[in-house]
Structure formats: structure tokens, C-alpha cells
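Structure, as C-alpha cells:
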Amino acid sequence: MGRTKKTSVARRGFLKGAAAFVATAPSAVSQNTAAQAAQDWLSLTQEAPLEPELPIIDPHHHLWDDPARTPQRYLLEHLVADTKGHNVRQTVFIECGSMYRADGPEEFRVVGETEFVQGIAAECASGRYGDLRAAAGIVGTADLRLGDRVAPVLEAQVAASRQRFRGIRHGAAWTEPGEIPTGSAAARAPNRPAVVPHLLLDSNFRRGYAHLRTYGLTFEGWVYHTQIAELTDLANVFPDTTIVFNHLGGPIGVGAYSGRRDEIFRDWKAAIAELSRCPNVVAKIGGIQMVVNGYGWHERKKPPTSDELLRANRDWYLYTIDQFTPARCMFESNFPVDRLSCSYTVLWNQFKKLTKGFSAGERSAMFHDAAMRVYRLPRH
């Protein structure tokens, strides 16, 4: 994570040129140009899918149509194209501030995202896209700082997709101001539930969080590595609520954390060991190809191969699996966020290579069964 970056001048110049063109081009042309540039770059590293018959549930991806995001559009057609070649049976959509309602009470506008994804899930369930069942599980959001007033919002979320709604994510990834280039938190739309300092310890948040158990909902724990202890405390106080630990706790590798990989890994391991002692926590393995993780894949002339990804990520993955055990781990794509760094095929080839020495049962748990159990998905 702290390696010296060798930024590709050609790629950086191309992206700046594309951005300049996009800024003056019509919207549809802008989106197509940016999307094609990203696809052209990803296509520079080609791999055939390994073990294409292995059943996969991808428990973490997003869907959006938003000119402020990269890529600007990631909808069912794009997910179908990315998953092609791997045997992805079902997926779980994770909230991303997409398609909130424009009207009505502010706290209920988040329900629009669930309504949007429910429609996509129903479209995919028609079978027109093959065996894939996208968004078989849906995780939305709610501002848990509403305390007891969050209960009707949770009820509205469940009502928007009774057969698919499974949990809540209220992002908590935060650092001290100035420690990362984006300030104190990753850039996010202002209408999403706010990320505030020490959110998971906040008394109002915890009053809202207590209602998750009532509705049988899971909680997606999205924090940076400096906050893992706060998530552990939350898990201990609420042992009856399942927490899904996102993105290995977001080990930071940029800004004030650049070049400190060994130190961060040491501190991270100690925090992971404590968190893994909470039986109500399961871990997602993946989600560390983001810019904030500091690998700089997106700055290279060519995207990484699965072998390169594995060399960079192996220690983080294996330590988490060792601490949580395969039964409490699930591989994730975090697409299209991680798509900035690598292709879907390469990402999952990395996971398949990583687990060659595991038993068939252990591999089945991490690629499929744990996600099916935690998100209560139908067998498909």
C-alpha cells in the first residue's frame, strides 16, 4: 500500500484530455466517452475466467445513474456485462445514495433507492439476462441518528421490497480532517445520511441502531482501519444484530498514511483479531482496490493482473480469513467502485487463486454459502 507510485504520464494526460472534452460535450456524449475510455483501459489486461462453473454470490455492488460519480452510469446492463464468464448466481445491492425521492419528508427520501433497485431486481428475475439474479438482496440506508424516530423509516424500507430488503448501511468511515485528500470522509452526496466523528459511539445513533433487531435487519459496518475498535464496541453492546464488516475495515494508504503499510498492517491485525471475537460479525473479503487504499492501480498504464492483485492483497485477505474462519467470510466485488482499478474477471480470478489450498466446503462458504445465509437469499 505504501509502494512508490509510478504514475503513467500517458494515461494521466489522456484522462485529463478526456475530462476537458467531457466538460464541453453534450451529456450523452460525455458519458459515452468516459465509459469507453475506462473500458478501453480495462481491456488492456485480458484474462479468461478461472473455474467458470464455481457458483458465486456477489454480496456487495452498487447501481446508479449519476453524473457526479465515476462511472456516471452503472446499471443492470453494465453489471451483466461485468459478471459474464464467472458463474454469478445472485448479488446483493448495497446503498450508495442512488435515486432518492425528490419530494416528501426528508428522512423518507432514502426509500427511493430501494424502490429503484427493487425494479431492477424484478427485471432481472424475469430471466431475460440468464441465470443471474441481481439484487436478490437489498441493503438500503436510514439516518440512524434519528434515534427512535427511525422506526417508521425502517418500516418503509422493508415495505418497499418485502421479499428482498435485508439491511441498513449508515456509513461511518471518517478520519481527522486533513489526514486524507478528501478531507475527513470520502466524497458523498449531501443528501445521504451524514458521516460524523465517532458515529458508532453516538447515543442517538445507537438508539436508532437498536431498532434493527426488531425488523431482523443486518448492519453494514463501513469504517476506516482507525475505527475498527468502535465497530467492535458496537458489536459487543448489540450481540443480537448481525454486522457485516465491509472492505476489511478500509486500510488507508493515501495522505498521512502513505508509505506506512507495515505500521498500518500491524495495527490493523490487532484490531481485526479483537473484532473477530464477536460472533455476530461476518467479514467481506475485498473492497480494497479503492483510491483511498493507496495502491495506485488507476494511475498505471495498464490495469493489474490477478497475480499482481494477489501479491498486493494476499496478506490482508488471509489474515482476515484466518481470524474469522471461512464460514464467516464472503468475497465481494465492490463494483463499480473497484472497477476504477481492475476488471471484474481479474478480481474474481484473484480470489479463486487465493483459495486453491482451501477445501471445497471452505471455498463454497466464501464464494457463495455465507452470503446466502447472512442475507437470507433463496437457493438459486
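Just so you know, these numbers come straight off a predicted model, no measurement behind them.
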[Y] and [X], any side-chain heavy atoms less than 4.5 Å apart:
| X | Y | value |
| --- | --- | --- |
| Thr320 | Ile285 | yes |
| Tyr224 | Val292 | yes |
| Asp66 | Ser98 | no |
| Thr218 | Ile243 | no |
| Pro181 | Val254 | yes |
| Trp41 | Pro303 | yes |
| Leu340 | Val291 | yes |

Could you check whether Phe238 and Phe219 have their ring centres less than 6.0 Å apart? no
Under the side chain to side chain contact (heavy atoms under 4.5 Å, CB included) test, residues paired with [X] that sit two or more places apart:
| X | value |
| --- | --- |
| Pro279 | none |
| Arg266 | Glu263 |
| Ala156 | Phe108, Val111 |

By salt bridge (charged side-chain N to carboxylate O under 4.0 Å, His left out), which residues pair with Arg89, not counting sequence neighbours? Asp131
Residue list, salt bridge (charged side-chain N to carboxylate O under 4.0 Å, His left out) with Asp338, at least two apart or on another chain: none
For [Y], is there any backbone N or O sitting under 3.5 Å from a side-chain donor or acceptor partner on [X]?
| X | Y | answer |
| --- | --- | --- |
| Lys284 | Asn246 | no |
| Asn280 | Thr241 | yes |
| Thr83 | Val80 | yes |
| Asn293 | Pro251 | yes |
| Asp322 | Leu318 | no |
| Ser184 | Glu176 | no |
| Thr345 | Glu47 | no |
| Arg328 | Ser276 | yes |
| Trp222 | Gly250 | no |
| Arg261 | Ser258 | no |

Residue pairs passing the side-chain hydrogen bond (donor to acceptor under 3.5 Å, both in side chains) test with at least one member in residues 365-374, sequence neighbours excluded, are Ser364-Asp369
Can you pull the side-chain hydrogen bond (donor to acceptor under 3.5 Å, both in side chains) pairs that have at least one residue in residues 113-127, sequence neighbours excluded? Arg101-Glu115, Thr114-Gln157, Gln118-Ser161, Gln118-Arg164, Glu123-Tyr129
Please report the closest heavy-atom contact between Gly286 and Phe351, naming both atoms and the distance. CA-CZ, 4.2 Å
Can you see which heavy atom on Val346 is nearest to which on Pro304, and at what distance? CG1-O, 3.6 Å
Taking atom CZ of Arg376 as the centre, report whether more than 12 heavy atoms of other residues, nucleotides or ligands fall under 6.0 Å from it. yes
Using 30° and 60° as the class boundaries, would you call the ring planes of [X] and [Y] parallel, tilted or perpendicular?
| X | Y | result |
| --- | --- | --- |
| Trp297 | Tyr295 | parallel |
| Tyr257 | His225 | perpendicular |
| His60 | His62 | perpendicular |

Less than 4.0 Å between a side-chain N and a carboxylate O, is that true for [Y] and [X]?
| X | Y | answer |
| --- | --- | --- |
| Glu95 | Arg169 | yes |
| Asp148 | Arg207 | no |
| Asp233 | Arg206 | yes |
| Arg300 | Glu308 | yes |

How long is the gap from [atom1] on [X] to [atom2] on [Y], to the nearest 0.5 Å?
| X | Y | atom1 | atom2 | result |
| --- | --- | --- | --- | --- |
| Asn349 | Tyr344 | CG | OH | 11.5 Å |
| His298 | Met290 | NE2 | CE | 12.5 Å |
| Leu75 | Leu63 | CG | CG | 6.5 Å |
| Arg277 | Thr232 | CZ | OG1 | 9.5 Å |
| Leu79 | Cys124 | CG | SG | 7.5 Å |
| Thr355 | Gln350 | OG1 | CD | 10.0 Å |

Could you walk me through whether Trp348 and Val88 satisfy the side chain to side chain contact (heavy atoms under 4.5 Å, CB included) test, starting with their C-alpha distance in whole Å, then the side-chain angles of each, then the deciding distance to 0.1 Å, before giving a yes or no? CA-CA 10 Å; Trp348 287 89; Val88 180; 5.8 Å; no
Under 3.5 Å side-chain donor-acceptor pair for [X] and [Y]:
| X | Y | value |
| --- | --- | --- |
| His61 | Ser333 | no |
| Gln289 | Asn334 | no |
| Asn87 | Glu53 | no |
| Arg339 | Gln39 | yes |
| Glu332 | His247 | yes |

Connected-component partners of Met372 among ILVMFWY, side-chain separation under 4.5 Å: Ile57, Val92, Ile94, Val139, Val244, Val282, Met330, Val374, Tyr375, Leu377
May I ask you to list the residues sharing a hydrophobic cluster with Val195, side-chain cutoff 4.5 Å, ordered by chain and number? Trp174
Passes salt bridge (Lys or Arg N to Asp or Glu O under 4.0 Å), Arg145 versus Asp202? Steps please. CA-CA 8 Å; Arg145 293 186 304 154; Asp202 180 81; over 6 Å; no
Using the test ring-ring contact (aromatic ring centres under 6.0 Å, His included), find all partners of His170 that sit at least two apart in sequence or belong to another chain. Phe205
Listing request: all ring pair (Phe, Tyr, Trp, His ring centres under 6.0 Å) pairs with a residue in residues 263-291, at least two apart in sequence or in separate chains. Phe265-Trp268, Phe265-Trp316, Trp268-Trp316, Trp268-Tyr319
Under the side chain to side chain contact (heavy atoms under 4.5 Å, CB included) rule, what do Tyr100 and Thr141 come out as? Steps first, then yes or no, please. CA-CA 11 Å; Tyr100 287 1; Thr141 195; 3.4 Å; yes
Lys353: partners by side-chain hydrogen bond (donor to acceptor under 3.5 Å, both in side chains), with sequence neighbours left out: Ser306, Asp307
